[in-house]
**Q** 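Right, I'll just put the structure down here and ask away after.
Keep in mind that the numbers below use all heavy atoms, side chains included, and drop hydrogens, waters and symmetry copies. If you're wondering where the values come from, they're calculated on a predicted model, not measured in any experiment.
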Amino acid sequence: MPELPDVEGFRRVLAEHTGEPVASVSVLDPGVLRGVTARRLSTALRGHRFEQPHRRGKWLLAPAHGPVVLLHFGMTGSLTWHDPDEPRHRHDRVVWELPDGELRFRDMRKLQGVHLAADREEADETLRDLGPDALDLSRDDLAATLGAHRGRLKTTLTDQTVIAGLGNLLADEICWRARINPLRPARDLTASELTTLHRAMHRVLRASIKAERVPPRKTWLTGARDTQTPTCPRCGTPLEAHRLSARRTLWCPTCQPN
DNA sequence: TACAGTGTTTATCG
DNA sequence: ACGATAAACACTGT
């Protein structure tokens, strides 16, 4: 699930549990560790208290007075708070045990995982190729960014080195809301389309953050994705589908003409 | 049983 | 250099 709104929710989970010392770190499956061993992750964090966490794109950064834990949730990851008595889930991969409960990094597919940086500088280095967060982009930033790319709009929107935070669902939802065809060349948008797209991006993000996911509402494109024959929630036209490698793109041929 | 699926990286080809 | 595409990672739901 995790796109920007989901990760923002995980950030809140962590933010509610800063300030207490980490009693221990349990690596239940080292398959999610990226460039760090279970031993090093454990020794670096034991006794440390998490500080205010930050989200950048789909990344969650958890500084702990020195070391910084970097989490990426891939397609199936999550971070949740649990009572220690609660049985572990089979996909719980790493657990941070705190005095009153524990934070669990759960991830079925292990497509991404847990990184550790020695300090904030090293954390920044890990994320050096990440573009600006989607929520920080002004209308003119967005215009300048898209104007520099000849590729398709959707491909550009979901390129994390260009803009950080937008995934498959969000990109389709934003294009649909703005009534712009996702296969159009990014740099061909008109000034008024760029204004519309920027407004759509912010409205979709704000509402999604509130829901901690891209909400599958009947009035949203996302609500139509999983139906047998998806139709446009605005006009009822059957949606067009296009597959870009393993990703599906959906749009309304009536609302979003070429 | 077969295949799609909310992410990213790497490789290949044009 | 840039863009398009496919495969790989591992597993579940339909």
**Q** Atom CE of A/Met75 and atom C1' of B/dC3: how far apart are they, to the nearest Å?
**A**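 From A/Met75 CE to B/dC3 C1': 13 Å.
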**Q** For A/Lys110 and C/dC11, give me the distance from atom NZ to atom C1', rounded to whole Å.
**A**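 Interatomic distance, NZ of A/Lys110 to C1' of C/dC11: 9 Å.
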**Q** Given that A/Arg243 and A/Gln112 both sit by DNA chain B, which one's nearest nucleotide is further toward the 5' end?
**A**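 The 5'-side residue here is A/Arg243.
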**Q** Starting at CZ of A/Arg187 and ending at P of C/dG3, how long is that distance when rounded to a whole Å?
**A**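 In whole Å, C/dG3 P and A/Arg187 CZ are 9 Å from each other.
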**Q** For the pair made of CD in A/Gln228 and C1' in B/dA4, what is the distance, rounded to whole Å?
**A**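 A/Gln228 atom CD is separated from B/dA4 atom C1' by 16 Å.
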**Q** Expressed in angstrom and rounded to an integer, what is the separation of A/Arg248 atom CZ from B/dC3 atom P?
**A**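 Between P of B/dC3 and CZ of A/Arg248: 17 Å.
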**Q** Could you check how far CG of A/Leu71 sits from P of B/dT8, rounded to whole Å?
**A**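 Between P of B/dT8 and CG of A/Leu71: 14 Å.
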**Q** Base, sugar-phosphate, or nothing: which does A/Arg90 touch, judged by heavy atoms less than 4.0 Å apart?
**A**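 Sugar-phosphate, backbone atoms only, no base.
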**Q** Determine the interatomic distance between C1' on B/dC3 and the same-named atom on C/dA7; round to the nearest Å.
**A**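 It comes out at 16 Å once rounded to the nearest Å.
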**Q** Within the structure, does a side-chain N or O atom of A/His149 lie under 4.0 Å from either OP1 or OP2 of C/dC2?
**A**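 Indeed not, no polar side-chain atom of A/His149 lies that close.
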**Q** Which base, if any, makes a Watson-Crick or G-U wobble pair with C/dC11, both distances under 3.5 Å?
**A**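 Matched C/dC11 with B/dG5 under the 3.5 Å cut-off.
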**Q** If every non-hydrogen atom of A/Ala171 is compared with every non-hydrogen atom of A/Thr158, which pair is closest and at what distance?
**A**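 In terms of heavy atoms, the two residues are closest at CB-CG2, 3.5 Å.
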**Q** Which is more 5' along DNA chain C, the nucleotide nearest A/Met108 or the one nearest A/Leu111? Just name the residue.
**A**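 So the residue in question is A/Leu111.
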**Q** Rounded off to whole Å, could you give me the CG-to-C1' distance for the A/Leu250 and B/dG5 pair?
**A**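 From A/Leu250 CG to B/dG5 C1': 12 Å.
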**Q** To the nearest 0.5 angstrom, please state how far the SG atom of A/Cys255 sits from the CG atom of A/Asn181.
**A**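 With rounding to 0.5 Å, SG (A/Cys255) is 11.5 Å from CG (A/Asn181).
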**Q** Between P on B/dT8 and CG on A/Leu130, what's the gap in Å once rounded to a whole number?
**A**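 Atom CG in A/Leu130 sits about 9 Å away from atom P in B/dT8.
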**Q** Looking only at side-chain N and O atoms, does A/His91 come under 4.0 Å of OP1 or OP2 in C/dC11?
**A**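 No, outside the criterion.
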**Q** Taking atom CZ of A/Arg206 as the centre, does the number of heavy atoms from other residues, nucleotides or ligands within less than 6.0 Å exceed 12?
**A**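 Result for CZ/A/Arg206: open.
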**Q** Any donor-acceptor pair under 3.5 Å linking the side chain of A/Gln160 with the backbone of A/Leu130?
**A**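 Side chain of A/Gln160 to backbone of A/Leu130, a donor-acceptor pair under 3.5 Å: no, none is there.
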**Q** Let me confirm one number: the CG-CG distance from A/Asp107 to A/Asp92, rounded to the nearest 0.5 Å.
**A**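 Atom-to-atom, A/Asp107:CG and A/Asp92:CG are 10.5 Å apart.
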**Q** With a 4.0 Å cutoff (strictly under), does any side-chain N or O of A/Arg109 reach OP1 or OP2 of B/dG5?
**A**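 Answer is no, no contact under 4.0 Å.
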